[in-house]
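Here the structure comes first, spelled out in structure tokens, and everything after it is commentary.
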Amino acid sequence: MKSLAELKAIRDRAQAEMNMRKENPNAARVLVGMATCGIAAGARPVLNAFVEEIAKRGLKDVTVTQTGCIGICQYEPVVEVEIPGEEKVTYVKMTPEKAVKVVNDHLVNHNVVSEYTIGTATK
Amino acid sequence: MRELSLNVMDVAQNSVRAEADLVTVKVEESDKDDFLTITIADNGCGMTQEQVQQVIDPFFTTRTTRKVGLGVPLFKLSAEQTGGSFDIQSEKGVGTTTTATYVKSHVDMTPLGDINDTMKILIQCNPEIDFIFIHSTDNGSFTLDTRELREVLGDVSLDTPDVLEWIADYLEENTKSIYGGA
Ligand SMILES: Nc1ncnc2c1ncn2[C@@H]1O[C@H](COP(=O)(O)OP(=O)(O)OP(=O)(O)O)[C@@H](O)[C@H]1O
Ligand code: FES
Ligand SMILES: [Mg+2]
């Protein structure tokens, strides 16, 4: 069984890392729309796919979080990617597979995956 | 919703938006007595009686200026379609408790689904808020209380990847044991 002693060890390791690494003000943000309609459309596996792929790539300065209603139900699951100094990008009708591509192309290589963006979907 | 755990994620979001700093999610189930009860309690801003009525029955409201929410009505429907019941107790400035009770064996019962994943995501996305999760079955029960974890963790945040992994493993192991697995 998982024990609190194990959690203490995790704390000690994390504290050591915290001291080495300064908080980065340029952290990128991935916002997953998790209003009722987003959740119903499958936002949860999309959020999990972002978290897993970001961990797999070892990206340190990316936070994944939920956001409320973005106002475009018919395009859910919707994900916004914000990289400081770059334009915010809204991805629509997301899936876990698309999430993996967005991590690798957009977050790692700074190439927007334009075929998944709202601009392309409404054309 | 395909899983009740998704309703829980949705309705717990309301607690987050109500600026609660403690949210309790309780799942009590029994095959012997054929029920499953989900309780979501928060110490957020609360609602007036009139607001509660509007939230429960949005299509009865005469107001058309406000977008009606679907989160609570869907949760209510999921319970009532099994012959169960639904209740919201709320007090302005004190908090809100939402309870959905299901008849487990009913054909229209929605599976609980991955409730542990819901808890993990709630903690991950709201590391400043404390969550208590209690799950009980005929075989026993367990509790996850982030206030206890916080005591051990000190200034290390709950959304640290290794901490989240510990939480996921803790939930999985304990769930197995109350479902009578190894
Ligand atoms: N725990 C709570 N504390 C305070 N207010 C609440 C709570 N739960 C619901 N409410 C109020 O009831 C409203 C309706 O909730 P509901 O979940 O049905 O829809 P919503 O959150 O507005 O939209 P969505 O359809 O995206 O869920 C909320 O906007 C909020 O004002
Ligand atoms: S209710 Fe669907 S995007 Fe807001
Ligand atoms: Mg809601």
Side-chain angles (χ1 to χ4, degrees), chain A residues 1-19 21 23 27 29-73 76-77 96, chain B residues 1-3 5-14 16-17 67-75 113-115 117-118 120-127 142 144-146 148-174 176-177:
Chain A
M1 276 288 176
K2 289 279 131 185
S3 66
L4 290 178
E6 244 173 289
L7 197 61
K8 277 207 183 85
I10 291 172
R11 175 200 63 192
D12 294 341
R13 245 183 295 132
Q15 270 170 341
E17 268 176 50
M18 254 193 316
N19 294 337
R21 179 166 49 89
E23 280 297 311
R29 295 209 305 164
V30 175
L31 298 161
V32 182
M34 296 272 240
T36 306
C37 64
I39 294 171
R44 186 167 76 174
V46 169
L47 186 144
N48 283 333
F50 270 104
V51 170
E52 273 162 34
E53 191 62 20
I54 285 165
K56 210 191 277 173
R57 297 275 145 211
L59 304 182
K60 292 282 180 209
D61 291 312
V62 183
T63 63
V64 180
T65 192
Q66 63 192 24
T67 183
C69 165
I70 303 178
I72 43 172
C73 301
E76 293 282 357
Chain B
M1 298 279 179
R2 270 186 300 267
E3 302 179 6
S5 71
L6 295 175
N7 294 94
V8 172
M9 193 158 71
D10 188 15
V11 172
Q13 221 91 259
N14 291 341
V16 171
R17 249 190 307 142
K67 164 193 161 283
V68 296
L70 280 180
V72 171
L74 280 178
F75 193 33
D114 197 343
I115 188 75
D117 193 32
T118 287
K120 198 191 90 184
I121 290 179
L122 285 169
I123 294 167
Q124 174 184 326
C125 291
N126 307 285
F142 74 91
L144 175 82
D145 185 337
T146 60
E148 289 169 7
L149 306 191
R150 229 181 264 284
E151 241 170 67
V152 172
L153 288 170
D155 56 356
V156 171
S157 172
L158 285 166
D159 65 352
T160 306
D162 287 348
V163 173
L164 289 167
E165 202 181 307
W166 183 94
I167 291 172
D169 289 347
Y170 175 91
L171 292 171
E172 195 190 316
E173 285 176 3
N174 282 283
K176 265 196 200 134
S177 81

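Quick note on labels: first sequence line is chain A, next is B, and so on, each numbered from 1. Values below: all heavy atoms of this structure, side chains included; hydrogens, waters and symmetry mates excluded.
In this structure, the portions of Leu4(A) lying under 4.5 Å from any heavy atom of chain B include both its backbone and its side chain. Residue Met9(B) touches chain A through both its backbone and its side chain, counting heavy-atom pairs closer than 4.5 Å. For a residue to count as touching a neighbouring chain, one of its non-hydrogen atoms must lie under 4.5 Å from one of that chain's; by this rule Ile167(B) does not touch chain A. When heavy atoms are compared at a cutoff of 4.5 Å, Val51(A) approaches chain B solely by way of its side chain, counted from C-beta outward. Heavy-atom distances place no part of Asp12(A) under 4.5 Å from chain B, backbone and side chain included. Looking at Ala40(A), both its backbone and its side chain come within 4.5 Å of chain B, counting heavy atoms on both sides. Residue contact with chain A, scored on non-hydrogen atoms closer than 4.5 Å, involves the side chain of Asn126(B) exclusively. Residue contact with chain A, scored on non-hydrogen atoms closer than 4.5 Å, is absent for Ser157(B). Neither the backbone nor the side chain of Glu148(B) comes within less than 4.5 Å of any heavy atom of chain A. Of the two parts of Thr63(A), neither the backbone nor the side chain holds a non-hydrogen atom closer than 4.5 Å to a non-hydrogen atom of chain B. With a threshold of 4.5 angstrom between heavy atoms, Asn14(B) does not approach chain A through any atom at all. Both the backbone and the side chain of Leu7(A) come within contact range of chain B, each with at least one heavy atom under 4.5 Å from a heavy atom of that chain.
For Ser5(B) and Asp114(B), the side-chain atoms include no donor-acceptor pair closer than 3.5 Å.
Contact count versus chain A (heavy atoms, under 4.5 Å) is highest, among Leu6(B), Val163(B), Val11(B), for Leu6(B). Per-residue counts of heavy-atom pairs under 4.5 Å with chain A were compared for Asp162(B), Leu74(B), Asp117(B), Thr160(B); the largest is that of Asp117(B). Annotation: maximal heavy-atom pairing with chain A below 4.5 Å, among Cys125(B), Pro161(B), Gly154(B), occurs at Cys125(B). Heavy-atom pairs under 4.5 Å with chain B were tallied for Met34(A), Lys8(A), Arg13(A); the largest tally goes to Met34(A). Put simply, of Asn48(A), Ile39(A), Val32(A), Ile10(A), the one with the most heavy-atom pairs under 4.5 Å next to chain B is Ile39(A).
Here Glu76(A) contributes atom CD and Cys69(A) contributes atom SG; the two are 7.5 Å apart, rounded to the nearest 0.5 Å. How far CZ of Arg29(A) is from OG1 of Thr67(A): 8.0 Å, rounded to the nearest 0.5 Å. Note that OG1 of Thr36(A) is 3.5 Å distant from CG of Asp10(B), once rounded to the nearest 0.5 Å. The distance from the CG atom of Leu144(B) to the OH atom of Tyr170(B) is 6.0 Å, given to the nearest 0.5 Å. Expressed to the nearest 0.5 Å, how far CG of Asp155(B) lies from CD of Gln15(A) amounts to 5.0 Å. Taken to the nearest 0.5 Å, the CG atom of Leu70(B) stands 8.5 Å off from the CE atom of Met1(B).
The heavy-atom pair separating Cys73(A) from Cys37(A) by the smallest distance is SG-SG, 3.8 Å. The two residues Gly33(A) and Ile70(A) come nearest to each other via the heavy atoms CA-CD1, 4.1 Å.
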Query raised in the report: Going through the distances and angles, do Arg11(A) and Glu6(A) end up as a salt bridge (Lys or Arg N to Asp or Glu O under 4.0 Å)?
Result: CA-CA 9 Å; Arg11(A) 175 200 63 192; Glu6(A) 244 173 289; over 6 Å; no
**Report entry** Trace of the salt bridge (Lys or Arg N to Asp or Glu O under 4.0 Å) decision for Glu52(A) with Lys56(A)
**Finding:** CA-CA 6 Å; Glu52(A) 273 162 34; Lys56(A) 210 191 277 173; over 6 Å; no
